[in-house]
Amino acid sequence: MTDKLRITENENDIAGKLSLMVARRPLSVKSDIKQHSDGAVLRDALHIPLEHQKILKDIHLINQPDSTAKRHIEYQAMIERKYEILVKALDLCDNVGRCLLDLNENYVEVSKKTSNVDTDCQALLREQEDLAHTAKDLRKKIQFFNEAHRISGMVKTNDLAMKMVTGPDLHLILEKLDTCKQFMKTHAKWKEAQRYLGVFTRLEDRVLKAVRLHFTAQLRAVVATLRKNNAGDPDLKMTSAKAFVEFQNVASKIKPLIESFEKKESSEQHQMLLGGLQETFAQCRLQMLKDEIQTGWQKDLDENFKLPDAIRHCCSFLVSTLGFEYQLFEHFFEINPASKAVLHSLLGKLSSFLYTGIRPLLIREMELEPISQAIVTLKREVLEQQVLPRGEAMSPFVSVIKRLLQDMQLRLAYRAQRYINEQIAGFEPSAEDLDYPNCLLRKSEEGKSIESKSKMISPSDKKSALKAAAADTKQADMLKATGATKWFPTISRTVMCLFKLHECVEAGAFSHLAQEALSQCSRSLKMASQKILSKSGEIHAQLFMIKYLLILRSQISVLNIIRHHENLLDFSHMKDIFSNVVAGKASLETLLRQGTPSIVKKEINAKKNLQIDLKLTCERLIAQQSDVLVGKLAAVLQEVSNRMNQETSAEPAADDITRIYAVLEDMLGNTKEESEGRRKAKIVATKKGLDDLSSHLKSYLENVKLERMLLDPIIANMKKAFGEARDCMLKSKSKEVEAVESCLLQLESELIVRSK
């Protein structure tokens, strides 16, 4: 039975193709099943086997028995039922497809609506977030406005403000005020922004004012304590040290508050606060020290100190005080360009106390010695040794010292000018000053006591000795050691004046004053020499000039006196022009064109003029003494020579030899009594004349080398005259030749002795 019902391979293949087609091509829910090609194919696939089966049925009916035909008929009926079922299923599938298409359309519509709803919800959420942010910003912005009322309550009274300054919230409040002010500046267009900006500014000013009041109160408290404890204490240095310790303790307490303003990037108001605190501190210290100086220091200056000692006392106090003030300022504030300006202003005002304290003493001082000593003290002991090594802390003091030095140098130059005019140019020598050579003997006796106590300065040490004398406070004693007490007054005054000026005034001013002093000193020597000439004789006048010109030249040799030039107006050529104009030989146009005075540059070199005066005086002395000793002999020899030239004679006459012999006899001093002719001729015995000359040279010069420098040219002139006399005698055949030769030998032997 199973064999009979078995389908053929062809049928099996058709069923497999049908199932494969159904599996590969399912019905689409988006298309109409009636129009789908697969439905037609499905029907074709179902239709083909039916036809095929009909053919097979006919074949089997022919060849098969009835049972087989029956089976096939049953099979065909089953196939037809299945076909109907499949057709119904296909119809059902078509209905399902249409339903699915409807569902798909509904789904698309619902999806669109859902997307729109989601978009609206997202927009609402964003709007909600924006509103939340806006509300948050509004709360923050409103908070800035509310801070004004909160902080205003904290600084409502001075007590609350002072309490806040000493509390821990000060800088938080200041930062909040800065933030609020910046916010108001950023939102300046808001209606209430400007008003609240003013409110915050006033609140900040009130807080900063409280800080200043707190700082000032601390300083006033320590000042009151110091004044109470130091009342009646005359020791300024001890008082200053105590004040330094007390202020240092205050600085340790208040320094954190000040540092908080210095370390952060402060606003303009904070910078002004720091500047105000620095100024307050500076004023407090300045007033305190000013009171101390006025009560103690000024009294000492007026009663106890001369100018050099006052310089030492004041500068010693100020150097220590300025050092304390610099350190104390560093304890309170950080050193930066702004604070450094305040510090230097304080140090400068403190330094000015030296100027205001010393200047009255300087004006009252009339002597050169104290002023020069004060300059040396201020320049060397104070400026070079104490102030400059301390560096920046003393920089304001340096400018005050230099200013005071300039005033002192100006005062010294003025007093030196007055001294030159009054004590040198206006000096009137007394009879005792002009009593030469007795004056030398008297001064020599007076100077023996001084020379026994002091050592003579050697020439090799003279330069260093004079420089030391200029800087030494005992300069007068040093100059006494050089013999200044035996000098003519204008010489000692000139040398003393120059030593006091040297290295105390500027080089140009010193050279100008030195030129004038030397010129006036030389003028006074010439005037004194003229008076000595009329009183004591020419040799004393000349030796007086030589002595003091040599002393003056020696003393100023170590001084750097610079020559200078002066411009003078020369009117000499205008005399002829005026004469011609008056005489009508020239017009006024000529006077205007040629009548301009010319400018003549005149060199002023006192050293050179001094050397010229010394040289001329020495030459005059040599000529004068040569004339005294051998002048008559030279005159007779000249007359003999002139007569021989006129008479063209080869030998002198006998009378000439007699005259020469008589002069030589007088020079030898052989005649016991001085003849009338000898007195008229003023013939001086050679030995006596040389003895007197040597004695005078020794008395005036006190230097063998200088004596020889003047004596040797005179002896040379005498030898020359004796040689000319011998030459004249050799030309003569007179009987007196031998006597003349004998006289010449005696005189020359005397010269030989003097030459040794």
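Keep in mind that this is a model prediction, so the values were computed, not measured. We count residues from 1, following the sequence as given.
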Arg380/Glu384 salt bridge by N-O under 4.0 Å criterion: no
So, taking the atom named CD in Glu538 and the one named CG in Leu621, what distance separates them when rounded to the nearest 0.5 Å? 8.5 Å
Could you tell me whether Met709 atom CE has more than 12 heavy atoms of other residues or ligands within 6.0 Å of it? no
Students often mix this up, so state it plainly: with edges at 30° and 60°, are the rings of Phe247 and Phe281 parallel, tilted or perpendicular? perpendicular
Backbone N/O of Glu503 and side chain of Lys379: donor-acceptor pair under 3.5 Å: yes
Asp309 pairs by side chain to side chain donor-acceptor pair (under 3.5 Å) with which of His313, Lys306, Arg312? Arg312
Does the Asn336 side chain pair with the main chain of Ser339, one donor and one acceptor, at a distance under 3.5 Å? yes
Identify, with sequence neighbours excluded, every residue that meets salt bridge (Lys or Arg N to Asp or Glu O under 4.0 Å) alongside Arg523. none
Gap separating the CD1 atom of Ile401 from the CG atom of Leu378, nearest 0.5 angstrom: 5.5 Å
Cation-aromatic face contact Arg493/Tyr419, 6.0 Å, 45 degrees: no
Which value, rounded to the nearest 0.5 Å, describes the distance between Ser345 atom OG and Lys340 atom NZ? 15.0 Å
Sub-6.0 Å ring centroid separation between Phe488 and Phe427: yes
From CA spacing to verdict: side chain to side chain contact (heavy atoms under 4.5 Å, CB included), Leu388, Met394: CA-CA 7 Å; Leu388 292 180; Met394 297 294 162; over 6 Å; no
Report the distance from atom OG of Ser519 to atom CG of Asn609, rounding to the nearest 0.5 Å. 6.5 Å
Of all the heavy-atom pairs spanning Glu516 and Ile420, show the shortest one and how long it is. CG-CG2, 4.2 Å
Any idea which heavy atoms bring Ala374 and Met408 closest together, and the distance? CB-CE, 3.1 Å
Is the shortest side-chain heavy-atom distance between Leu289 and Glu325 below 4.5 Å? yes
Are any non-hydrogen side-chain atoms of Leu610 and Ile556 less than 4.5 angstrom apart? yes
Can a side-chain donor-acceptor contact be found between Glu279 and Gln283 if the only test is distance below 3.5 angstrom? no
Nearest-0.5 Å distance, CD1 of residue Ile546 to CG of residue Leu697: 8.0 Å
Determine whether Gln278 and Phe329 make a side-chain contact, defined as any pair of heavy atoms from C-beta on separated by less than 4.5 Å. yes
Once you measure the plane-to-plane angle for Phe544 and Tyr436, does it fall in the parallel (<30°), tilted (30-60°) or perpendicular (>60°) bin? perpendicular
Start with the C-alpha gap between Glu506 and Phe510, add the side-chain angles, then the distance that decides, and say whether side chain to side chain contact (heavy atoms under 4.5 Å, CB included) holds. CA-CA 6 Å; Glu506 298 294 334; Phe510 171 73; over 6 Å; no
Which heavy atom in Arg708 sits nearest to a heavy atom in Pro713, and how many Å separate them? O-CD, 4.1 Å
Do Gln625 and Gln542 pair up side chain to side chain, a donor and an acceptor below 3.5 Å, judged on atom types alone? no
When you compare the side chain of Val342 with that of Leu346, does any pair of heavy atoms fall below 4.5 Å? no
With under 30° as parallel and over 60° as perpendicular, where do the rings of Tyr700 and His540 fit, or are they tilted in between? tilted
Tell me if a side-chain donor or acceptor on Arg418 pairs with a main-chain N or O of Tyr414 at a distance below 3.5 Å. no
Ser557 and Lys607 have their tightest heavy-atom pair at O-NZ, 4.1 Å
Asp613 and Ser522: side chain donor to acceptor below 3.5 Å: yes
Less than 4.5 Å apart, side chain to side chain, heavy atoms only: is that true for Leu307 and Gln373? no
Go through the structure and list residues passing ring-ring contact (aromatic ring centres under 6.0 Å, His included) with His344, not counting sequence neighbours. none
Hey, are Glu369 and Lys500 close enough for a salt bridge, meaning a charged N less than 4.0 Å from a carboxylate O? yes
Any sub-3.5 Å donor-acceptor pair from Ser529's side-chain atoms to Leu525's backbone N or O? no
Is any side-chain heavy atom of Glu422 closer than 4.5 Å to a side-chain heavy atom of Gln417? no
Taking everything shown except Glu367 itself, do over 12 heavy atoms lie less than 6.0 Å from its CD? no
Donor-acceptor pair, Asp433 side chain versus Ser430 backbone, under 3.5 Å? yes
Determine whether a donor-acceptor pair (N or O, by modelled atom type, separation under 3.5 Å) exists between the side chain of Asp435 and the backbone of Ala431. no
Taking the side chain as everything from C-beta on, heavy atoms only, tell me whether Gln555 gets closer than 4.5 Å to Leu552. no
Could you walk me through whether Trp487 and Val495 pass the side chain to side chain contact (heavy atoms under 4.5 Å, CB included) test, one step at a time? CA-CA 10 Å; Trp487 296 346; Val495 173; 4.1 Å; yes
Neighbour count above 12 (heavy atom, 6.0 Å) for Gln287 CD: yes
Any salt bridge between Lys698 and Glu707, counting N to O under 4.0 Å? no
Looking at Glu365 and Arg415, is any side-chain nitrogen of the basic one under 4.0 Å from a carboxylate oxygen of the acidic one? no
Closest non-hydrogen atom pair between Ala517 and Ile424, with its separation: O-CG2, 4.3 Å
Those residues at least two apart in sequence (or on a different chain) that pass ring-ring contact (aromatic ring centres under 6.0 Å, His included) with Tyr326 are none
Does the pair Leu559 and Phe499 meet the rule for a side chain to side chain contact (heavy atoms under 4.5 Å, CB included), with working shown? CA-CA 8 Å; Leu559 304 178; Phe499 283 163; 4.1 Å; yes
Is Leu410 close to Gln406 at the side-chain level, that is, under 4.5 Å between some pair of heavy atoms? no
Identify the heavy atoms of Gln520 and Ala425 that sit nearest to each other, and give their distance. OE1-CB, 3.2 Å
Please round to the nearest 0.5 Å and tell me the distance separating atom CG of Leu501 and atom CG of Leu368. 6.5 Å
